[in-house]
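This chain uses plain numbering: 1 for the first residue, then up along the sequence. Computed from heavy atoms alone, side chains included, the values below leave out hydrogens, waters and symmetry copies.
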Amino acid sequence: MQSRTLSRELALLMLGQISDRGDAAVSRGELALDQLLNRALASLSQHVREALDRSAEDLQTAQQHLLDSELQEQGASQLPRVRQHLQEGLASAEQALNRLSAGLELPRLLLLADQEEVRRGALERAASVLRQREEIDRRLDAVMEGWRLTRLPRIDRDILRLAAVDLADFDTPAPVACNEAVDLANRYSDERGRRMINGVLRRYTDAVMSS
């Protein structure tokens with residue numbers, strides 16, 4: 001159970017470092033797993049910094065609006081703008097904390113990546129997604145209900161793709177695949193992403209089971 005969970009998380013981090021057209025160096029085996037993980041760590045750290053910067057900007061703007069409202073006779077008119085910026089700041093802070101939490105887990109993943117079962121599972125999952133990505137995306141698009149998979153953030157798309165290959169290629173029970181996808185979303189995505197992933201996978205598994 002733990003090795004499968006770790007393999008899925010490692011595969012998610014690997015996929016995030018590969019373009020939508022694939023990576024020839026990965027295909028030829030020239031890029032080692034630890035190199036991909038180091039790239040993932042650098043990318044993840046950059047996302048944390050950017051999210052924290054956005055959060056700080058929103059909170060500073062909210063503070064300025066609040067000060068402005070105290071100086072104006074009709075200060076209440078500023079409250080909607082204050083509320084909006086506070087909400088944006090808190091959302092950015094939540095995303096940053098989620099990404100930071102994920103980043104702190106990477107040393108553990110790096111230590112365990114050399115375990116053959118974990119390593120093999122991560123490579124197989126990533127390869128399965130890359131090999132079938134067009135077909136997986138087509139099947140996911142079919143249950144998006146007026147939305148397109150390409151409109152989702154990359155991390156959310158890869159979480160959904162990994163869940164799809166877990167169901168199709170790794171004999172993972174549907175409730176387990178869905179729960180572990182949501183767990184990944186809790187660590188790497190935001191509230192909107194978690195809701196979207198949960199809804200799409202619920203419809204996807206229903207479609208798979210009825211086919």
Across all chains, not counting sequence neighbours, the salt bridge (Lys or Arg N to Asp or Glu O under 4.0 Å) partners of R203 are E145
Where do A185 and I197 come nearest, in terms of heavy atoms and distance?
CB-CD1, 3.7 Å
Residues in side chain to side chain contact (heavy atoms under 4.5 Å, CB included) with D141, at least two apart?
M144, R148, L149
Output yes when R133 and D137 qualify as a salt bridge under the 4.0 Å nitrogen-oxygen rule, no when they do not.
no
What's the shortest heavy-atom distance between A122 and A11, and which atoms?
O-CB, 3.6 Å
Does R192, at its CZ atom, have more than 12 non-hydrogen atoms belonging to other residues, nucleotides or ligands within less than 6.0 Å?
no
Checking R151 now: which residues fulfil salt bridge (Lys or Arg N to Asp or Glu O under 4.0 Å) with it, not counting sequence neighbours?
none
Nearest heavy-atom neighbours spanning A181 and I159:
O-CG2, 3.5 Å
Are the side chains of L13 and Y188 in touch, meaning some heavy atoms are under 4.5 Å apart?
yes
Run R154 and D158 through salt bridge (charged side-chain N to carboxylate O under 4.0 Å, His left out) and show every step you take.
CA-CA 6 Å; R154 174 65 187 272; D158 284 339; 2.8 Å; yes
Determine whether a donor-acceptor pair (N or O, by modelled atom type, separation under 3.5 Å) exists between the side chain of R157 and the backbone of L152.
yes
Would you please name every residue forming a side chain to side chain contact (heavy atoms under 4.5 Å, CB included) with R138, sequence neighbours left out?
E135
Side-chain polar contacts of residues 167-178 - donor-acceptor pairs under 3.5 angstrom, sequence neighbours left out - could you list them?
{"unit_1": "D169", "atom_1": "OD2", "unit_2": "S128", "atom_2": "OG", "d": "2.6"}
{"unit_1": "D169", "atom_1": "OD2", "unit_2": "Q132", "atom_2": "NE2", "d": "2.6"}
{"unit_1": "T172", "atom_1": "OG1", "unit_2": "D166", "atom_2": "O", "d": "3.4"}
{"unit_1": "T172", "atom_1": "OG1", "unit_2": "D166", "atom_2": "OD1", "d": "3.3"}

Linked, directly or transitively: V182 and W147 (ILVMFWY side chains, under 4.5 Å):
no
Would L160 and V143 show up in the same hydrophobic cluster when neighbours are defined by side-chain heavy atoms closer than 4.5 Å?
yes
Looking at E117 and R4, does any basic side-chain N land under 4.0 Å from a carboxylate oxygen?
no
Could you tell me which residues satisfy salt bridge (Lys or Arg N to Asp or Glu O under 4.0 Å) with R195, sequence neighbours excluded, listed by chain and number?
E191
So, taking the atom named CD in E9 and the one named CG in L162, what distance separates them when rounded to the nearest 0.5 Å?
11.0 Å
After noting the C-alpha distance and the side-chain angles of V200 and D156, does the key distance pass the side chain to side chain contact (heavy atoms under 4.5 Å, CB included) rule?
CA-CA 11 Å; V200 171; D156 294 347; over 6 Å; no
Can you check side chain to side chain contact (heavy atoms under 4.5 Å, CB included) on R161 and L15, steps first, answer last?
CA-CA 10 Å; R161 289 162 174 162; L15 290 171; 5.6 Å; no
